[in-house]
2 protein chains.
Amino acid sequence: MTSFIEPLAQESTPSIIADKLRKAISHGELKPGAQLGEAELARKLGVSRGPLREGMQRLTQEGLLVSIRNRGLFVIDMTPDDVRDMYLAREAIERAASRRIIDGDHEAAGKELLAIVDEMAAAEGDPAAVGELDIAFHERLVKLANSPRLSRMHQTYITETRMCIHALEETYTVSEARIGEHRALAEAIAAGDHLLADDLLMAHMDDAITRLTTR
Amino acid sequence: MTSFIEPLAQESTPSIIADKLRKAISHGELKPGAQLGEAELARKLGVSRGPLREGMQRLTQEGLLVSIRNRGLFVIDMTPDDVRDMYLAREAIERAASRRIIDGDHEAAGKELLAIVDEMAAAEGDPAAVGELDIAFHERLVKLANSPRLSRMHQTYITETRMCIHALEETYTVSEARIGEHRALAEAIAAGDHLLADDLLMAHMDDAITRLTTR
DNA sequence: GGGGTTAACATTGTCGACAATCTACCTATT
DNA sequence: AATAGGTAGATTGTCGACAATGTTAACCCC
């Protein structure tokens, strides 16, 4: 049991705003290319422009927003090149995460990941549910590595991933192969097989790229 | 030759401020644990608190500053765990970069990297110069991968690296082994050897960790 | 009709002031 | 003497107003 007495970290307003904006972007409420009008957003969020601008700067640093001077901030438009680059970054992070997990308690971690894969299999008929579990799998993978830096970076790219998925929701289908890929990866991690996990992860990312860039 | 006609991107004030702060942190002008008083900093930079706070939020997102509500922003204090985590992140990024370089024109890239190694060898007597070239090597490595996302993330960790080096400047020595490590890595990349480059990179990072955490 | 100029509008960028909060010190009481 | 309470100072958090810039559209001239 963890102690109830711990330093309470109240998060700052800009960080809350950044979270809200990230959610809005990932769920398609703020569409790619859209401008974030400060006055309107501030009104909707019930804050003034100051803290809102501070929060937006965070997302700009993450690369989720692009700034054009004296014009405003816009949600990034993901080109096919961006999709490739995003998966390159995700691959880098998740490979490192898997390596670190395997160097630690990979059996427990593998079990957790397999649980998610089981949920995926159970939800096979529901593309949206499988999509969410897919993301949950990768989020858990990185979280299990217990690295603040990997987690922070990953958050950004998960947002971009959600954004892409949302953008082509209509054409988003579930292949049984995808569930199998996750299961294989989870098993490789449970087994502590560095090389196999690496290869599976890279192949998985390549699949995702082709799935998102060709249609 | 590149075209002179290209979309001119004027960078915003918060981004300029963020750059200045990053430099100040990496060069030890803002020491680990130090508080960034807004009024004073704003005066020194010749801007008002608004844009300054926006710039500081960027660094907070990067993890270079930590925010304590109603208390202010502080430069992070790198614990040994932080050093390890930072190198984990750098390793992830640079491995991905080297992989991508090797999939492209690795011979040209290797040549560029070897040129830096030659400069290192020439500057062997001067620890500060070798340190700068060490960092320049890794910056070039990532830049050659041509990935906006890897480059953006890397910038953060290079800042943290500089911060650490600066913090223990007195005990910072140049071993000939370090130059050799870089040369071997550059040669592996020039040769297009995935596995060797990977192994060398990981060993190199491990060395750096032990160099920074034990004394 | 095309190109250029001008003016009005909307939006962002910046600033100064006020409110809220925390820290540190001092005082009084047990 | 130690602790609780209160107060003053300083710093951050928030806001509204003003200035600067870019865009759009109408208008005029060639």
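Heavy atoms only: backbone and side chains are in, while hydrogens, waters and symmetry mates are out. In the text below, chain A, chain B and the rest are named by the order of the sequence lines, each starting its count at 1.
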Inset, instruction - Assess the side chains of A:T161 and A:R90: does a donor N or O sit below 3.5 Å from an acceptor N or O? - result: yes
Inset, instruction - List the protein contact pattern of nucleotides 9-21 of chain D with one symbol per nucleotide (5' to 3'): B for base contact, S for sugar-phosphate-only contact, - for none; contact means a heavy-atom distance under 4.0 Å. - result: --SBBBB-B---S
Inset, instruction - Name every residue in residues 15-24 of chain A that has at least one heavy atom under 4.0 Å from any atom of DNA chain D, in order of residue number, or write none if there are no such residues. - result: none
Legend entry - Charged N-O contact under 4.0 Å between A:R152 and B:D85: no
Inset, instruction - Kindly calculate the angle separating the two end axes of the helix from C:dG1-D:dC30 to C:dT30-D:dA1, each obtained from five base pairs, and round it to 10 degrees. - result: 0°
Legend entry - A:R162/A:E132 ion pair, N-O < 4.0 Å: yes
Inset, instruction - Tell me yes or no: between the side chains of A:R22 and A:T156, is some donor less than 3.5 Å from an acceptor? - result: no
Legend entry - Salt-bridge criterion met for A:R58 and A:E54 (N-O under 4.0 Å): no
Inset, instruction - Look at the rings of A:H204 and A:H138 and say which category their plane angle falls in: under 30° parallel, 30 to 60° tilted, over 60° perpendicular. - result: parallel
Legend entry - Lys/Arg N to Asp/Glu carboxylate O, B:D198 vs B:R99, below 4.0 Å: no
Inset, instruction - Salt-bridge test for B:E40 and B:K44: reply yes if a basic N is under 4.0 Å from a carboxylate O, no otherwise. - result: yes
Legend entry - Electrostatic pair B:K143:B:E112 at N-O distance under 4.0 angstrom: no
